[in-house]
Amino acid sequence: MALQVYNSLTRQKEAFQSIIPGKVGMYVCGPTVSGESHLGHARPFITFDIVYRYLKHLGYSVRYVRNITDAGHFEEEGRESEDKISKKAVLEKMEPMELVQKYTNLFHWAMREFNNLEPSIEPTATGHIVEQIVMIEKIIADGYAYVVNGSVYFDVDKYHRDFGAKGMQYGILSGRVLEEQLETTRELESQDEKRNKQDFALWKNAAPEHIMRWQSPWGIGFPGWHIECSAMSTKYLGEEFDIHGGGMDLQFPHHECEIAQSAVCNHRIPARYWLHNNMITINGRKMGKSYNNVIKLSELFAGTHELLTQGYSPMTVRFFILQTHYRSTLDFSNEALQAAEKGLRRLWDAFTQLNKFDISNNNITAGDLDLEAQCYTVLSSLDEHMNDDLNTARVLAGLFELVPVINSIKDGLVAKNALTTATMLMMKEKFNTYLVDIFGLREERKQDDQKLSAVLQLIADIRKDARAKKDFATSDKIRNQLLEAGIQLKDEKDGGVSWELI
RNA sequence: GGUCCUGUGGCCGAGUGGCUAGGCAGAGCUCUGCAAAAGCUUCUACAGCGGUUCGAAUCCGCUCGGGACCUCCA
């Protein structure tokens, strides 16, 4: 089975086929850098990092565009409208661009911690004001936007009538019916500038106190919320590209508006496959600013938030996210994170052990046919699971099924020749491919340097002598005190000793 | 109120109508001087009530609960 993905646009799983064979264009909505990223933000960036890595693994040449929104959105509609970034800048007594730089740097730091690959292009909204203005001018020229008091609004109703006939009705992505929307919406204040409630801003006139402002054909102002993505995706990926990604909460109105804007300019829906990750919840509720329940990434790693009983490493968080399918909600709790931490360690230890095995002997026939068959079945199912809408949870479950096999071979509970060399090599290959290449997991425990190793080897030898003399008081003292210092000694079955920094 | 999603064992979570996912925790056992680690075994759940079916966690209906979007949001 080839790769299938769930396309929000068609509401079904579809075989993935790129527009240009061998090449994929992918656009993912990036962060608004008016504040520090939180756990909820981590999910799309990790999810689409997996998509990126997997497509590359499949041999595609991928152009991955992920924007930085640094121009600011409306905090509230209408008269009281404020730009998030300029408001925050005043509070922190910073230049807007200084503030944006600060949070962009923090965002990049978090992405590196998560071991996310860098996108091919990371365009900023402020760097594409001209492109946005050009696009808005075209929409006005075609009659789908109107200017009021230095602001420009998109005429959703006219768009819907004209483009609905061409199969691009407003609501096509989110499954909303415009007519029903109109009936159910309540009266909002400060809607006087818009012809209709559902119209959205392409360009917003800036009040004098606004700090972020640009000259435009309609006066001084700043771009509307949705136009940057349309402008930048068109510029770097073309009028039609393969994948558009983002969180489910962006499906409406953000992506819906993007489709409308791009459709007017390019006469087509900009992306073929629309992929949306689900939310991370905390006590069953979405993590978000409006709920005041966010855990910032720096707090999460350090364990400094009041909801945290400890810190969780970036790889633990990454693994935690991968253990769930990306379209399911994922509920945060200390218990769940701790389970992920332990699970990851167990899996990673087995993986490390697997890589230490010497698989040079040439077993053509398996010593244990049942086990051989069982392992082979699991190994060959991994790609199927990944191709089934990126089911990372099932791939991980499959890898976990092999952990006892690896550990048993290590401890001599299963004979070294139980499996054929071909299966052993396949196991090694699959573990490396999935854990390292596709899932982007990496060792993050402190590396024990050479000097420390020498010291520990000496101590282990002394302890071994003590044990040989049945001087368990001394041997236990060594082990217990090292444990207090964060070094765990483990007596191996073969009489050797291993240690682990914890 | 409208649109949509969802309800799985102590916790987290996968599940294409039939073949006990997986992780964490718990219990027992094995190995071990004792631990740790590891292995084996165990805990066999699908909100409730109906219906379809030879067979339903999976399909349909109703009831109850939870959530998302409709407004900034990953």
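In the text below, chain A, chain B and the rest are named by the order of the sequence lines, each starting its count at 1. Only a predicted model underlies this, so the values are computations on that prediction, with no experimental measurement involved.
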Compare side-chain N and O positions of [X] against OP1 and OP2 of [N] and report whether any pair is under 4.0 Å apart.
| X | N | value |
| --- | --- | --- |
| A:Arg346 | B:G39 | yes |
| A:Asn407 | B:G39 | yes |
| A:Lys342 | B:A25 | yes |
| A:Ser328 | B:A14 | yes |
| A:Tyr291 | B:A68 | yes |
| A:Asn278 | B:C5 | no |

pair_partner(B:G55), Watson-Crick or wobble, both distances < 3.5 Å, evaluates to none
Aromatic centroids of A:Tyr273 and A:Phe16 separated by under 6.0 Å: yes
Nearest to the [X] side chain among [options], which nucleotide is it?
| X | options | answer |
| --- | --- | --- |
| A:Arg467 | B:G22, B:C69, B:G33 | B:G33 |
| A:Phe400 | B:G22, B:A74, B:G13 | B:G22 |
| A:Arg394 | B:C40, B:U16, B:G22 | B:U16 |
| A:Ser408 | B:G39, B:A14, B:A74 | B:G39 |
| A:Pro404 | B:G23, B:C69, B:C40 | B:C40 |

Checking A:Phe351 against A:Ile406 for the side-chain contact (heavy atoms from CB on, under 4.5 Å) test, could you report, in this order, the C-alpha distance in whole Å, the side-chain angles of both residues, the deciding distance, and whether it holds? CA-CA 8 Å; A:Phe351 170 57; A:Ile406 294 168; over 6 Å; no
Tell me whether A:Phe45 is stacked on the nucleobase of B:A74, counting only the six-membered base ring and applying the 5.5 Å and 30° thresholds.
no
- Item | Whether A:Asp155 side chain and A:Asp199 backbone form a donor-acceptor pair below 3.5 Å | no
At less than 3.5 Å, do the side-chain atoms of A:Arg176 and the base atoms of B:C4 form a donor-acceptor pair?
no
Measure distances between side-chain N and O atoms of A:Asp476 and base N and O atoms of B:G33, and say whether any donor-acceptor pair falls under 3.5 Å.
-> yes
